[in-house]
Amino acid sequence: MNESWDRTSYHFLSQVVIFLDVNDSKQFVEAAYATYRKHLATDTFTLQFMAFITINYLNCCYHQHADKSYAESTFKFLQELPVDPAIGLEKLIGKFIKLFLVVMNRKPDL
């Protein structure tokens with residue numbers, strides 16, 4: 001996959017990820033994460049777009065009943081993003097989604 005990701009590419013992916021099949025979106029999302037890790041950017045817009053990608057991708061995983069392995073790298077990536085007020089809400093939402101998925105998968109004690 002092409003590694004020429006930039007802020008515009010991240011923005012586009014953050015919006016279209018919800019329309020893609022979870023298998024297709026996983027490839028794009030993982031490529032975006034890998035490129036971001038190679039070329040760290042801390043400007044507000046790039047951070048927001050990366051955070052939007054994570055939340056929208058988790059939404060995609062949930063609604064398409066993806067295996068939990070699809071979301072694990074996203075939870076990890078979201079925690080790797082720097083502490084920044086611009087993405088504080090997305091980091092909180094990511095923690096909520098992770099907890100929600102744990103609770104939903106818990107078997108009732110009998």
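We use all heavy atoms of the structure for the numbers below, so side chains are in, but hydrogens, waters and symmetry mates are not. Positions are given from 1 along the sequence.
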Colleague: Let me confirm one number: the CZ-OH distance from F49 to Y36, rounded to the nearest 0.5 Å.
Modeller: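 Going from CZ on F49 over to OH on Y36, the span is 13.0 Å.
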Colleague: I need the F75 CZ to E72 CD distance, nearest 0.5 Å.
Modeller: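 Rounded to the nearest 0.5 Å, the CZ-CD separation comes to 8.5 Å.
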Colleague: Mind checking the CD1-CD spacing from I18 to Q64? Nearest 0.5 Å is all I need.
Modeller: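 Answer rounded to 0.5 Å: 10.5 Å.
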Colleague: So, taking the atom named CG in L40 and the one named CG in L81, what distance separates them when rounded to the nearest 0.5 Å?
Modeller: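 These two atoms lie 9.5 Å from each other.
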Colleague: Under 4.5 Å between any side-chain heavy atoms of C60 and L20, yes or no?
Modeller: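 A side-chain contact is absent here, since even the closest heavy-atom pair is not under 4.5 Å.
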Colleague: Can you tell me how far the CZ atom of F19 sits from the CG atom of D24, to the nearest 0.5 Å?
Modeller: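 One gets 14.5 Å once the value is rounded to the nearest 0.5 Å.
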Colleague: Going by heavy atoms in the side chains, are W5 and L13 under 4.5 Å from each other?
Modeller: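 W5 reaches L13 side chain to side chain.
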Colleague: Looking at K38, R37, H39, which one forms a side chain to side chain contact (heavy atoms under 4.5 Å, CB included) with T35?
Modeller: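 Exactly one pass, corresponding to H39.
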Colleague: For S73, check side chain to side chain donor-acceptor pair (under 3.5 Å) against everything at least two apart and list the hits.
Modeller: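 Scan of S73 (side chain to side chain donor-acceptor pair (under 3.5 Å), adjacent residues dropped) gives E30.
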Colleague: Please list all pairs passing the side chain to side chain donor-acceptor pair (under 3.5 Å) test where one or both residues lie in residues 84-104, with sequence neighbours left out.
Modeller: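 Residue pairs passing side chain to side chain donor-acceptor pair (under 3.5 Å), neighbours aside: none found.
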Colleague: Would you kindly confirm whether I97 and L92 end up in one hydrophobic cluster when ILVMFWY residues are joined by side chain heavy atoms under 4.5 Å apart?
Modeller: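 Hydrophobic grouping puts I97 apart from L92.
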Colleague: Minimum heavy-atom separation for I87 to P82, with atom names?
Modeller: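 Closest approach of I87 to P82: CD1-O, 3.5 Å.
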Colleague: Can you give me every donor-acceptor pair (side chain of residues 50-58, partner residue at least two apart or in another chain, under 3.5 Å) with its distance?
Modeller:
residue: T54; atom: OG1; partner: A51; partner atom: O; Å: 2.6
residue: N56; atom: ND2; partner: S14; partner atom: O; Å: 2.6
residue: N56; atom: ND2; partner: F52; partner atom: O; Å: 3.4
residue: Y57; atom: OH; partner: Y70; partner atom: O; Å: 3.3

Colleague: Could you go through Y62 and L101, starting from their C-alpha distance and side-chain angles, then the distance that decides it, and tell me whether this counts as side-chain contact (heavy atoms from CB on, under 4.5 Å)?
Modeller: CA-CA 9 Å; Y62 175 74; L101 294 177; 3.8 Å; yes
